[in-house]
Amino acid sequence: MPEGDTVWRLARQLHEALAGKVLVRCELRVPRLATTDLSGRTVREVVARGKHLLLRVEGGLTLHSHLRMDGAWRIHAPGERWRGGPAHQIRAVLGTAHRTAVGFRLPVLELVRTADENRVVGHLGPDPLGPDWDPAEALRRLLTAPDRPLGEALLDQRLLAGLGNVYRCELCFLLGASPWLPIGRLSDPARAPALARKLLDANKDRPARRTVPGARPDRRLWVYDRADRPCLRCGTPVRHTPPGPTPDARITYWCPTCQPGPTPEP
Ligand SMILES: [Zn+2]
């Protein structure tokens with residue numbers, strides 16, 4: 001699942017492939033952008049903001065995309081077979097003379113003026129991987145509703161931008177707190193933004209995400225996706241909430257021993 005580290009790495013790969021180059025091919029296969037053609041424009045830069053991608057081209061335009069659950073951008077050399085899904089799932093094709101970036105299943109794809117980017121990302125809280133990371137502001141935002149369950153607050157992109165379900169489960173574990181503990185009752189709430197930064201930063205160059213130091217390949221995460229298996233710290237079976245009615249309903253994983261506090265209604 002794409003989280004802030006994945007999107008940061010993707011932005012860097014897209015930047016390396018496209019920035020400074022002129023687009024010679026542009027197909028935006030969503031109804032609203034069907035007649036938009038960016039070819040002839042130079043790509044200025046590609047940056048991540050939380051889990052959002054901003055591809056800025058000359059002329060003051062930004063192509064904004066978001067991967068949500070399973071969107072993807074793939075970069076191809078000329079003549080290379082496109083990977084990433086069947087053709088009908090392609091939403092964007094951006095080609096230079098040397099590389100072609102193809103966006104698959106992008107649930108969000110829109111063009112905004114670069115000067116108006118705030119319209120699409122202005123609501124986001126501080127980004128642990130952003131150049132303007134501000135842990136004090138992230139903490140202030142996280143504590144604005146002290147009664148909110150920790151696990152829920154960590155997913156709220158307006159408070160802290162970039163965490164998805166994997167990191168929020170792992171962060172709750174590393175904070176030693178139940179995901180349902182009111183965030184205001186954390187003994188040291190400043191550790192939440194500090195750990196978010198540490199985890200995202202440590203993983204932004206790693207294709208296989210890891211929160212357990214020096215972990216074996218099959219033990220890279222403390223609790224995420226370890227339902228009913230022994231907690232890597234204490235051996236208690238890891239608990240999880242039931243899967244929701246939709247594929248994007250997030251399952252919470254936690255160790256009831258290492259993470260004391262409230263538990264959800266049965
Ligand atoms: Zn445990």
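All ligand and atom numbering here is 1-based and tracks the order in the structure. Residues: numbered from 1 along the sequence shown.
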Pair H64, E110: side-chain N/O donor-acceptor within cut-off below 3.5 Å: yes
Cut-off under 2.8 Å, centre the Zn ion (ligand 1), protein N/O/S atoms: C231 SG, C234 SG, C255 SG, C258 SG
Within 45° cone of W82 ring axis and under 6.0 Å: R74 NZ or CZ: no
side-chain hydrogen bond (donor to acceptor under 3.5 Å, both in side chains) contacts touching residues 120-141 (sequence neighbours left out): E137-R140, E137-R141
Under 3.5 Å side-chain donor-acceptor pair for Q259 and S178: no
Qualifying ring pair (Phe, Tyr, Trp, His ring centres under 6.0 Å) pairs, either residue in residues 18-49, two or more places apart: none
Listed once per pair and sorted, the ring pair (Phe, Tyr, Trp, His ring centres under 6.0 Å) pairs that draw on residues 175-195, sequence neighbours left out: W180-W254
